[in-house]
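Some notes on the structure that comes next.
In each ligand, atom 1 is the first atom listed, and ligand 1 is the first ligand listed.
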Amino acid sequence: MLLGQSWVGIRIGYKVTEAGAGRSVASASMKTHVHISVSLFCSPTSRSTIVGLMNVPTSDLPKALRERVNASIDQLRNAVGEYKNLCYANSLGSESVVLTDLIWESLPEIEIFTIDTGRLYPETYDLIERIEQRYGRALKMYYPDAADLEDWVGKHGINGFRDGLDQRHGCCGIRKVAPFRRAIQGFGAWVTGIRRGQSASRALAAPVEWDGEYGIHKISPLLDWSEKEIWDYIRKKRLPYNSLHDSGFPSIGCAPCTRAVPPGDDARSGRWWWERTDSRECGLHPRRKGSPLPVTVTPKA
Ligand code: SF4
């Protein structure tokens, strides 16, 4: 069946068996069974349509979660009214799949992009593909400047970011911050998926802030969501998510700089774990002066 660029096929097979086969015809009481199998196969775009049909509408979510969703969408809508063109820097964590769903379902005029540092986990690339299949559209990708990266790796080595904070910031600067600066060019504000519960530094964030580092407003519509609400939304809406979350990764970044953490530990403690806790940000969300000690988050149910 053709649906524009999409196609859906149904394969029906059958097999006939006879109970008592192998015995003498005279002695067996023969019964004929017909086994019918039906399987569905389809193009990626049709798959997203089918997933969409399985989707749970926001109106069917529990009241408290629905109110969270509506508050976040209202905040984004107000930001679009105020700052006109917005972009969302998708980090591909659990908050990101929620925010991607809110944006592509309700405010598709907000551009979503992600930065491929070249050091992501294979599971993260797999998530990108599943997101694209679900929504039937491609994520805008930004990459580090090849010449700058070749120069940096030539001087410091492939994993030179482990040699000190300056080297780590140098690697994040080329692989993340520089592509990010290019990505936000021309936008009135950028959207982030940070939550207060993620770290002591993020606990001090405000829903709308002037980001002096990049000269642009920063909108954080998930700031007050709990980790449990994030996962309730993912499960109820059957959203694709990074399979590493099921292996103890509350926060997922580059493979050599992220590891699993014990349940109940600070959500960011698996990032740059060899550094002091007060330096563990990537440059997109610099640490605030006077941040209290790390907060403990509720483990994923
Ligand atoms: Fe480099 Fe690690 Fe930063 Fe990724 S997280 S850009 S590998 S220092």
Side-chain angles (χ1 to χ4, degrees), residues 87-97 99 112-129 131 139-185 190 192-195 198-202 205 211 213-214 218 241-245 247-261 265-288 291 294 297:
C87 61
Y88 167 43
N90 188 326
S91 64
L92 301 166
S94 53
E95 290 80 12
S96 301
V97 295
L99 207 35
I112 301 181
F113 70 85
T114 196
I115 296 168
D116 180 357
T117 63
R119 300 299 301 262
L120 303 180
Y121 277 102
E123 288 87 345
T124 303
Y125 293 105
D126 176 63
L127 173 63
I128 292 171
E129 183 184 23
I131 288 174
L139 260 182
K140 172 90 175 148
M141 306 291 290
Y142 283 87
Y143 295 88
D145 179 88
D148 289 348
L149 192 55
E150 286 168 10
D151 185 50
W152 193 90
V153 172
K155 284 186 184 133
H156 300 278
I158 191 69
N159 287 336
F161 47 81
R162 291 196 202 280
D163 293 342
L165 196 53
D166 286 347
Q167 290 88 332
R168 206 270 284 169
H169 285 162
C171 184
C172 281
I174 288 172
R175 291 185 188 271
K176 290 184 182 179
V177 177
F180 175 78
R181 283 191 191 280
R182 270 194 296 123
I184 61 170
Q185 285 299 313
W190 72 288
T192 85
I194 64 170
R195 293 186 300 105
Q198 286 172 321
S199 71
S201 180
R202 294 181 180 192
D211 187 338
E213 181 70 23
Y214 298 106
K218 180 157 104 172
Y241 65 87
N242 196 318
S243 58
L244 290 172
H245 287 306
S247 306
F249 287 71
S251 172
I252 303 168
C254 291
C257 301
T258 311
R259 67 178 181 181
V261 301
D265 272 19
D266 182 84
R268 303 274 301 171
S269 61
R271 307 289 294 273
W272 307 292
W273 62 91
W274 62 90
E275 294 178 2
R276 288 160 42 110
T277 52
D278 60 1
S279 69
R280 295 179 188 173
E281 287 290 0
C282 61
L284 304 192
H285 305 287
R287 180 180 174 270
R288 288 149 208 277
S291 302
V297 296

Q.
I'd like to know if the side chain of His245 reaches the main chain of Ser94, judged simply by a donor and an acceptor atom lying under 3.5 Å from each other, with no hydrogens or angles considered.
A. yes
Sub-3.5 Å donor-acceptor pair from the side chain of Thr258 to the main-chain atoms of Gly253, do we have one?
yes
Nearest non-hydrogen contact to atom 1 (Fe) of ligand 1 from the set Gly160, Cys171, Gly170 belongs to Cys171
Side-chain heavy-atom pair [X], [Y] within 4.5 angstrom cut-off:
X	Y	result
Arg162	Pro256	yes
Leu99	Asn90	no
Pro144	Trp152	no
Arg175	Phe161	no

Going by the order shown, which atoms of ligand 1 are within less than 4.0 Å of some heavy atom of [X]?
X	answer
Arg175	1 (Fe), 6 (S)
Cys257	2 (Fe), 5 (S), 7 (S), 8 (S)
Trp272	2 (Fe), 5 (S)
Arg168	8 (S)

Of all protein heavy atoms, the one nearest atom 4 (Fe) of ligand 1 is Cys254 SG, 2.3 Å
inquiry  = With respect to atom 3 (Fe) of ligand 1, please indicate if Cys172 possesses an N, O or S atom at a distance under 2.8 Å.
reply    = yes
